[in-house]
Peer 1: 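A single structure is presented below for examination.
Each chain gets a letter, A, B and so on, in the order the sequences are listed, and its residues count up from 1. Values reported hereafter were calculated over all heavy atoms of this structure, with side chains retained and with hydrogens, waters and symmetry mates removed.
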Amino acid sequence: MATNLFKQEIAEALANTELFTKEQVLGLMTIPQDPQHGNFSVPCFSLAKTLRKAPKIIAEDLSKQISLPSSVSKCEAINGYLNYYIDPQILLQKILSAVAEQGEKFGHLPSQNKTVIIDYSSPNIGKELAFHHIRSTMIGHALSCIYQAAGYKVIRINHLGDWGTQFGKLIVMYLRAELPTDVESLAKLTVKELNLLYTQFSKAAQKKPEMEDEAREVFAKLEAGDEFYRSLWEAFKEATLKELRRIYKQLGVDFDYYTGESFFEDLIPPVIDELKAKNLLEVSQEREVVMLEDLDLPPCLIRKSDGSTLYATRDLAAAIYRQKEYAFDRCLYVVDQGQALHFKQVFAVLNKMGYAWSKNMVHIPFGLILHQNEDGKWEKGKTRTGSASLLRDVIAAAQEKILEQIQEKNPDLPDAEHVAMQIGVSALTFNDLKNRRLMDVKFDWDSALSFEGATGPYLQNAHVRLCSIQRRAGYQVELSQVDWFHLTDDYSMELVRIIDRKSTRISQAVEHDEPALLAQYALEIAEAAHRFVHHNRVLGSAEEKSRLFLVQCTQIVLKDVLTMLGVYPIEAM
RNA sequence: GCUCCCAUAGCUCAGCUGGAUAGAGCAAGUGCCUUCUAAGCACUAGGCCACAGGUUCGAAUCCUGUUGGGAGUACCA
């Protein structure tokens, strides 16, 4: 980050006045939002009291006294601020030569020697991915890329919901429907059919509540090792994974491990023993629980009255396993905010067990996907009642709509279907990431499939235009061929100022575990790039080489940022 | 009841660790394609930053309270 060098120089020069220490200046210094106010700015208000003078006067006096580092072309006092203007050519040279040297790694942070586990997506086996699953999946994916760029070792885990009472329900309904249970039929199962069984179960259980008990019994047997139930469970799992892998491939998402809840089955008894040994386990209302009254939390349920385990039990086992296996420095759970209490309880139990590392476990909550009902009110969609849209349907619809637009705008585009998928998926992904994750996402088909303005396609189009210019140029510009003076116009300078913020934005995104900060940054780059390309003719101009160089640099930066966000950096559309 | 989240233009949202005239997109109105992708650019219009206090030289931003909306709250995940 070139910015730091300039900051240091300015701070040192200001510290010579002995009114500030270098550290104070660095703390006060900001980057003005309006370029008119220079590259760096030091507010002098804090000196008003000690010097008993108006900030405006102080700034004016200072601007006359101080010596300027060679990189600063001028320093002006305006409204109590000391505004520093960096020599444009030095600024350009420092920033763009760094991009040219470091390529896509420009703005990445040095290795932190830390391991972070990110647990995301984590859908339930036997159910289709609903549209809302895109949230955990893409927020988690973006975070894992961002952490990587910030110098962390990242372990991506898909903690599949492949265990629990739900399988009791599925099996009960499967057998009630008298579906075939031979090996070949089981191998042909699809998620679609399984999903249907869920819906049927919910409906049937409303009339016959005893089915719920039946499901619990079946799961208890499955957990106890019943072979027949086990074979059904395995078939259900395989059928679901097949479809999951297909969708993850479209989304461009990958995991290091698919360790579902069932993986921890054998690790649960030792955890329960450990809880007993540490005198944390109590029996209350026939259930085994860990009381958390001292923390003003409801008890954490460890084992149901029929002896089977719960979500929390498996999360405890998983956490302990992960710490042992990966010695993580941080473990993120990208799960909707509705489960905040659950994670508070799990982390609290781990803490009571004496695991100091429980403080490194973080729940990364996010808002819901809301659907509009007939009265125009936004409410939570439910897979069970079928009011939620399926992710694959939304992707397909987006792809289809984009394909229409391609046929209209660029009928000769090769591989149009694939590109349409990449644009459609990116549009959905970006729509999900562009706002702060805790905000609820109001989903309706019209706005989800509208691709104007601040959308995925807008970003991709900026990248495409930068690629197109390079393609037509047919050559690469080297650093030595650039005349910095040719890039001192407002559009170029604005673009470079934005490029320089990459590392700051990455660290901010990590600090807040907030992909939206990077998403907004992507918009800033794309906006400035569109403006630059529109106003500054590259090929055939007197400034061709220098401008082409800026195009190259911008494209590299934009590509990396888009990739981190899960937006496909396509080269033609 | 208790806990957490949200409140900024007609709609959907940005606004970094407090700083200079509060910004986008959509919707409305108007220009710009014989020149690198118009999925774009330029412009007009649109605001009591929910309300009330407090901290501060300075608050959309921090603190407290109020109101409105959402989520969660022991044998689902």
Peer 1: What is the base-pairing partner of B/rU55, counting Watson-Crick and G-U wobble geometry with both distances under 3.5 Å?
Peer 2: none
Peer 1: Just label B/rC33 as syn or anti from its O4'-C1'-N9-C4 or O4'-C1'-N1-C2 angle, using within 90° of 0 for syn.
Peer 2: syn
Peer 1: Which part of the nucleic acid, if any, lies within reach of A/Q470 when heavy atoms closer than 4.0 Å are counted: base, sugar-phosphate only, or nothing?
Peer 2: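 Counting heavy atoms under 4.0 Å across all strands, no contact is made by A/Q470.
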Peer 1: State which of B/rC41, B/rA39, B/rG72 makes the closest approach to the side chain of A/H534.
Peer 2: B/rC41
Peer 1: For B/rU61, which nucleotide in any strand shown is its Watson-Crick or wobble partner with both distances under 3.5 Å?
Peer 2: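 Across any shown strand, B/rU61 pairs with none.
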Peer 1: For A/L170 and B/rA77, give me the distance from atom CG to atom P, rounded to whole Å.
Peer 2: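 It works out to 14 Å between those atoms.
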Peer 1: Is a donor-acceptor pair below 3.5 Å formed from side chain A/S41 to base B/rA20, judging by atom type as modelled?
Peer 2: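 Check passes, donor-acceptor contact within cut-off.
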Peer 1: Are A/R497 and A/D500 close enough for a salt bridge, meaning some N to O gap below 4.0 Å?
Peer 2: no
Peer 1: Establish, yes or no, whether a centroid distance under 6.0 Å links the rings of A/Y458 and A/H530.
Peer 2: yes
Peer 1: Just compare B/rC26, B/rA14, B/rC5 and give me whichever is closest to any side-chain atom of A/Q337.
Peer 2: B/rC5
Peer 1: Give the rounded distance in Å between these two atoms: CD1 of A/I406 and P of B/rA38.
Peer 2: 16 Å
Peer 1: NA contact type, A/I302, heavy-atom cut-off 4.0 Å: base, sugar-phosphate, or nothing?
Peer 2: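 If one applies the 4.0 Å heavy-atom cut-off, A/I302 turns out to touch nothing in the nucleic acid.
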Peer 1: Under 4.0 Å between a Lys/Arg side-chain N and an Asp/Glu carboxylate O for A/K352 and A/D294?
Peer 2: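 Salt bridge: yes.
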Peer 1: Using both distances under 3.5 Å as the test, list the Watson-Crick or G-U wobble partner of B/rC49, or none.
Peer 2: none
Peer 1: Base, sugar-phosphate alone, or nothing: which one does A/G338 contact when heavy atoms must sit under 4.0 Å apart?
Peer 2: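 Sugar-phosphate: the residue A/G338, judged by heavy atoms under 4.0 Å, touches backbone atoms but no base.
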Peer 1: Does B/rG23 pair with anything, Watson-Crick or G-U wobble, both distances under 3.5 Å, and if so, with which nucleotide?
Peer 2: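 B/rG23 is paired, partner B/rC13.
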Peer 1: Just N and O in the side chain of A/R436: are any of them under 4.0 Å from OP1 or OP2 of B/rU12?
Peer 2: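 False: A/R436 side-chain N/O out of range (4.0 Å or more) of B/rU12 OP1/OP2.
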Peer 1: Using the P atom on both, measure B/rU61 against B/rA9 and round to a whole Å.
Peer 2: 15 Å
Peer 1: Could you check whether A/L539 gets within reach of a base, just the sugar-phosphate, or nothing at all, counting any heavy atom under 4.0 Å?
Peer 2: base
Peer 1: Taking the six-membered ring for Trp, does A/H37 stack with B/rA20 (centroid gap under 5.5 Å, planes within less than 30°)?
Peer 2: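 Yes, aromatic ring over the base.
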Peer 1: Give a yes or no on this: more than 12 heavy atoms of other residues, nucleotides or ligands lie within 6.0 Å of atom NZ of A/K401.
Peer 2: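 Check passes, neighbour count above 12.
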Peer 1: Counting only Watson-Crick pairs (N1-N3 plus N6-O4 or O6-N4) and G-U wobbles (N1-O2, O6-N3), all under 3.5 Å, who is the partner of B/rU30?
Peer 2: B/rA42
Peer 1: Between A/H512 and B/rU17, does any side-chain N or O lie under 4.0 Å from OP1 or OP2?
Peer 2: yes
Peer 1: For the CD1 atom of A/I139 and the CG atom of A/L565, what is their distance to the nearest 0.5 Å?
Peer 2: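 If we round to the nearest 0.5 Å, A/I139:CD1 and A/L565:CG are 11.5 Å apart.
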Peer 1: Between B/rC16, B/rG70, B/rG40, which nucleotide gets closest to the side-chain atoms of A/Q508?
Peer 2: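 Ranking B/rC16, B/rG70, B/rG40 by closest atom to the A/Q508 side chain puts B/rC16 first.
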Peer 1: Is A/R465 close enough to B/rA38 that one of its side-chain N or O atoms is under 4.0 Å from OP1 or OP2 there?
Peer 2: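 Indeed, a polar side-chain atom of A/R465 lies that close.
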Peer 1: Does either side chain, that of A/R303 or that of A/S308, offer a donor lying less than 3.5 Å from an acceptor on the other one?
Peer 2: no
Peer 1: Is A/T165 side chain donor-acceptor paired with the B/rA77 base, going by distance under 3.5 Å alone?
Peer 2: no
Peer 1: With a 4.0 Å cut-off on heavy atoms, is A/D440 in touch with a base, just the backbone sugar-phosphate, or nothing at all?
Peer 2: sugar-phosphate
Peer 1: On a whole-Å scale, what distance lies between the P atoms belonging to B/rA77 and B/rC62?
Peer 2: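 After rounding to an integer number of Å, I get 37 Å for this pair.
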Peer 1: Is any side-chain N of the basic residue among A/D306 and A/R216 closer than 4.0 Å to the acidic one's carboxylate O?
Peer 2: no
Peer 1: Using a cut-off of strictly less than 4.0 Å, decide whether A/Y458 has a side-chain nitrogen or oxygen near OP1 or OP2 of B/rA38.
Peer 2: no
Peer 1: Mind checking if A/K344 touches a base, just sugar-phosphate, or nothing, with heavy atoms under 4.0 Å?
Peer 2: sugar-phosphate
Peer 1: How is A/I78 classified with respect to the nucleic acid when contacts are heavy atoms under 4.0 Å: base, sugar-phosphate, or nothing?
Peer 2: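 Base, at least one base heavy atom under 4.0 Å.
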Peer 1: Out of B/rG25, B/rA77, B/rA71, which nucleotide sits closest to the side chain of A/L310?
Peer 2: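 So the side chain of A/L310 is nearest to B/rA77.
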Peer 1: Which part of the nucleic acid does A/T455 contact within heavy-atom distance under 4.0 Å: base, sugar-phosphate only, or nothing?
Peer 2: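 No contact.
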Peer 1: If you measure from the P atom in B/rU17 to the same atom in B/rU12, how many Å do you get, rounded?
Peer 2: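 Comparing P positions in B/rU17 and B/rU12 gives a spacing of 25 Å.
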Peer 1: Hey, is the side chain of A/K434 poking within less than 4.0 Å of OP1 or OP2 on B/rA24, counting only N and O atoms?
Peer 2: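 Looking at the OP1 and OP2 atoms of B/rA24, neither is under 4.0 Å from any side-chain N or O of A/K434.
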Peer 1: For B/rC2, what is the paired nucleotide under Watson-Crick or G-U wobble rules, both distances under 3.5 Å?
Peer 2: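 Pairing partner, where one exists within any strand: B/rG72.
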Peer 1: Is the phosphate of B/rC76 approached by A/R216 (side-chain N or O, under 4.0 Å from OP1 or OP2)?
Peer 2: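 Yes, A/R216 has a side-chain N/O under 4.0 Å of OP1/OP2 on B/rC76.
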Peer 1: Which is true for A/V335 with a 4.0 Å heavy-atom rule: it touches a base, it touches only sugar-phosphate, or it touches nothing?
Peer 2: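 A/V335: no heavy atom of the nucleic acid under 4.0 Å.
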Peer 1: Need one value for A/H342: base, sugar-phosphate or nothing, where a base atom within 4.0 Å counts as base even if backbone is also close, heavy atoms only.
Peer 2: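 Result for A/H342 = nothing.
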Peer 1: For the residue pair A/H363 and A/Y333, is the inter-centroid distance of their aromatic rings smaller than 6.0 Å?
Peer 2: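 Judged by ring-centre distance (under 6.0 Å), A/H363 and A/Y333 do not meet the cut-off.
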Peer 1: Just call it for A/R314: base, sugar-phosphate, or nothing, with non-hydrogen atoms closer than 4.0 Å on any strand.
Peer 2: sugar-phosphate
Peer 1: Between B/rA24 and B/rA42, how many Å separate the two P atoms, rounded to a whole number?
Peer 2: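 One P to the other, the span is 10 Å.
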Peer 1: Please check if any side-chain donor atom of A/H463 sits under 3.5 Å from a side-chain acceptor atom of A/E571, or the reverse.
Peer 2: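 Their side chains do not contain a donor-acceptor pair, so the 3.5 Å distance test is not met.
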Peer 1: Is it the case that B/rA77 (base atoms only) and A/D162 (side chain only) share a donor and an acceptor within less than 3.5 Å, ignoring hydrogens and angles?
Peer 2: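 Counting by modelled atom types and ignoring angles, no donor-acceptor contact under 3.5 Å is found here.
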Peer 1: In whole Å, what is the span from the CG atom of A/L449 to the P atom of B/rA39?
Peer 2: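 Value for this atom pair: 18 Å.
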Peer 1: Kindly say if A/R531 contacts the phosphate of B/rG40, meaning a side-chain N or O under 4.0 Å from OP1 or OP2.
Peer 2: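 A/R531 to B/rG40 OP1/OP2: no side-chain N or O under 4.0 Å.
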Peer 1: Answer with base, sugar-phosphate or nothing: what part of the nucleic acid does A/L517 contact at a heavy-atom distance below 4.0 Å?
Peer 2: sugar-phosphate
Peer 1: Distance between the C1' atoms of B/rC4 and B/rU8, in whole angstroms?
Peer 2: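 To the nearest whole Å, 22 Å.
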Peer 1: Which one, B/rA14, B/rA42, B/rA39, comes nearest to the side chain of A/Q520?
Peer 2: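 The answer is B/rA14, which lies nearest to the side chain.
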Peer 1: With a cut-off of less than 4.0 Å, is there a side-chain N or O of A/Q33 near OP1 or OP2 of B/rA20?
Peer 2: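 Checking B/rA20 against A/Q33, a side-chain N or O does come within under 4.0 Å of OP1 or OP2.
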Peer 1: Base, sugar-phosphate alone, or nothing: which one does A/A473 contact when heavy atoms must sit under 4.0 Å apart?
Peer 2: nothing
Peer 1: Out of B/rA20, B/rA74, B/rC36, which has the shortest distance to the side chain of A/S284?
Peer 2: B/rA74
